[in-house]
Amino acid sequence: MLKKKYTLYVLLMVCFGACSQKNNSKPSNLTSENYVETMLKTIKHYDYEPMYYLTYKQNICYSEILVNDIPVNKNFIELGDGGTITINNYIFKSGTQKVTFRLYPAVKGNDFNYHTLNEETDMQIDISESDNVDRHKKGKEMVSYLTKTITKKDQYGNPVTQFIATGKTYYEASFTFEAKVPYEYNSLEKGQDLRKWKPEKLEKKVVDFYKNQLTPLKEKKTEEYFSYLELRENETRQSLYFNKKELQRILDIYLDPFTIPNYQMQSLENYKLKLYGDGRIVCLELNSLDNDFRGESALWAIFDEGDGEMLDFFKFYLYIPEGEDELVMIR
């Protein structure tokens with residue numbers, strides 16, 4: 001089984017991409033050399049900087065988790081899984097936030113193969129809030145959600161409790177929580193409903209966008225790549241209140257395609273168009289049920305630093321602002 005470089009999604013929640021659409025914005029003066037300094041000048045700090053965390057634990061299933069209908073985590077590999085994810089960069093402003101999770105049978109694993117959801121299948125998700133200064137301390141619990149169960153009688157008449165969707169091939173549930181953040185971004189709510197676009201026209205625009213990202217990545221044009229990052233970076237780094245050390249770590253990740261020997265970008269093929277953000281966000285994902293590639297971005301790379309082949313996936317979340325016609329990277 002190929003290994004995936006999960007630092008992009010789990011540890012730092014990074015979405016790669018260089019916007020090269022003509023209406024996205026003019027290339028900025030952002031470079032790999034001034035990235036940290038430039039971002040530090042734009043990030044505001046507050047007496048209290050709320051950090052929101054999503055902690056999940058699941059059993060006997062695969063899953064996807066979305067915040068405000070934007071994917072933040074997926075598992076199509078492990079029978080049981082768990083972890084904690086920072087979700088500030090998917091909270092655009094204060095108010096009600098929606099968490100959705102989708103459960104699937106854990107099929108074709110290394111030593112398991114469930115074709116339906118099991119009676120012991122479950123998912124627990126906790127949302128907590130911490131001060132950025134003390135982010136590593138246990139935070140205030142906002143909400144805790146556990147999948148529903150039902151009670152039946154077994155063949156001997158004894159009551160038994162089981163997952164409510166036992167025997168099903170799909171289960172989805174949602175819940176909300178209230179967040180209060182010191183920033184506000186209205187970009188997403190001002191995006192067009194892409195469900196109203198002709199699918200063929202929208203897909204062509206998205207595919208062209210993805211193809212445009214391959215050039216600086218394949219040809220190692222570092223500064224061309226960085227010159228288009230500033231618009232999206234300003235929102236994302238502010239929502240996480242990044243400091244100099246964290247920005248340097250992000251910079252190192254951004255430089256991976258340009259510094260790792262034999263970093264091989266793959267052809268853009270076998271993809272499907274996916275809509276998120278209540279129809280206002282679009283991306284390309286691989287059209288595959290292979291556990292290593294299911295739900296992953298259609299733009300990806302293979303590299304080997306001596307520990308075996310690793311995969312990097314470049315997720316672009318795009319939208320089209322009201323009154324405009326070109327895609328813009330929102331996350």
Side-chain angles (χ1 to χ4, degrees), residues 9-10 13 52-85 87 89-92 95-109 112-128 142-152 161-179 188-189 191 193-195 199 272-291 293-297 315 317 319 331:
Y9 303 110
V10 178
M13 303 303 296
Y52 290 91
Y53 296 96
L54 183 153
T55 299
Y56 71 98
K57 183 169 62 175
Q58 68 185 66
N59 186 43
I60 314 182
C61 60
Y62 292 152
S63 72
E64 293 176 297
I65 303 174
L66 304 91
V67 173
N68 293 323
D69 199 35
I70 306 175
V72 300
N73 190 76
K74 69 179 187 62
N75 162 45
F76 291 110
I77 300 295
E78 303 295 336
L79 184 64
D81 195 22
T84 297
I85 306 163
I87 58 174
N89 48 332
Y90 299 105
I91 296 174
F92 290 80
T96 303
Q97 318 298 321
K98 183 179 180 180
V99 177
T100 301
F101 63 91
R102 300 165 179 164
L103 304 184
Y104 307 88
V107 297
K108 299 181 180 179
F112 55 86
N113 190 19
Y114 292 88
H115 293 280
T116 61
L117 295 168
N118 188 276
E119 61 184 15
E120 296 182 0
T121 294
D122 61 39
M123 167 73 88
Q124 178 172 341
I125 297 180
D126 300 322
I127 304 296
S128 62
M142 306 294 293
V143 63
S144 182
Y145 187 97
L146 179 63
T147 43
K148 296 179 180 179
T149 58
I150 58 174
T151 300
K152 289 186 173 182
T161 300
Q162 65 180 36
F163 175 47
I164 193 171
T166 299
K168 304 291 186 180
T169 58
Y170 177 75
Y171 179 78
E172 178 176 322
S174 299
F175 64 91
T176 62
F177 71 96
E178 296 297 313
L188 182 59
E189 64 186 46
D193 187 343
L194 301 176
R195 293 169 294 192
K272 60 183 176 181
L273 199 71
K274 289 286 290 185
L275 293 175
Y276 294 109
D278 295 322
R280 288 173 167 78
I281 287 176
V282 65
C283 66
L284 290 183
E285 294 182 357
L286 289 170
N287 188 19
S288 175
L289 292 179
D290 184 297
N291 289 352
F293 298 99
R294 185 176 176 182
E296 296 286 8
S297 173
K315 180 74 77 172
Y317 291 125
Y319 86 122
R331 284 294 182 271

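Just so you know, these numbers use all the heavy atoms, side chains as well, and skip hydrogens, waters and symmetry mates.
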Asn75 side-chain N/O to Tyr62 backbone N/O, donor-acceptor pair under 3.5 Å: no

NZ or CZ of Arg294 within 45° of Tyr104 ring axis and under 6.0 Å: yes

Asn118 (side chain) donor-acceptor with Glu120 (main chain) under 3.5 angstrom: yes

Nearest-0.5 Å distance that lies between atom OH in Tyr53 and atom CD1 in Ile87: 10.5 Å

Rounded distance [0.5 Å steps], NZ in Lys57 versus CD1 in Ile125: 12.5 Å

Nearest-0.5 Å distance, CG of residue Asp81 to CG of residue Asn59: 11.0 Å

Lys152, NZ atom: more than 12 neighbouring heavy atoms under 6.0 Å: no

Ring geometry between Tyr90 and Tyr317 (parallel below 30°, tilted from 30 to 60°, perpendicular above 60°): perpendicular

Would you list the atom pairs, donor with acceptor, under 3.5 Å between side chains in residues 274-287 and any protein atom, with sequence neighbours excluded?
unit_1: Tyr276; atom_1: OH; unit_2: Glu285; atom_2: OE2; d: 2.6
unit_1: Arg280; atom_1: NE; unit_2: Gly191; atom_2: O; d: 3.0
unit_1: Glu285; atom_1: OE2; unit_2: Lys315; atom_2: NZ; d: 3.2

Nearest-0.5 Å distance that lies between atom OG1 in Thr147 and atom CE in Met123: 8.0 Å

CG on Leu146 to CD on Gln124, rounded to 0.5 Å: 5.5 Å

Any donor-acceptor pair under 3.5 Å from Gln97 side chain to Gly95 backbone: yes

Sole residue of Tyr56, Phe101, Phe177 in ring-ring contact (aromatic ring centres under 6.0 Å, His included) with Tyr145: Phe101

Backbone N/O of Val107 and side chain of Asn291: donor-acceptor pair under 3.5 Å: yes

Tyr52 vs Val67 side-chain heavy atoms within contact, under 4.5 Å: no

Leu117, Ile150, Asp122 screened by side-chain contact (heavy atoms from CB on, under 4.5 Å) with Phe163, the one that passes: Leu117

Nearest non-hydrogen partners of Leu103 and Ser63, listed with the distance: CD2-CB, 3.8 Å

Flag side-chain contact, heavy atom, 4.5 Å: Ile60 against Phe112: no

Distance, nearest 0.5 Å, that separates CG of Leu54 from CD1 of Ile85: 5.5 Å

Intermediate values then yes/no, side-chain contact (heavy atoms from CB on, under 4.5 Å), Glu296 and Phe76: CA-CA 10 Å; Glu296 296 286 8; Phe76 291 110; over 6 Å; no

Heavy-atom side-chain proximity of Thr166 to Thr121 below 4.5 angstrom: no

Backbone of Leu66 reached by a side-chain donor or acceptor of Thr100 within 3.5 Å: no

No-hydrogen, no-angle side-chain donor-acceptor test under 3.5 Å, Glu178 and Thr96: yes

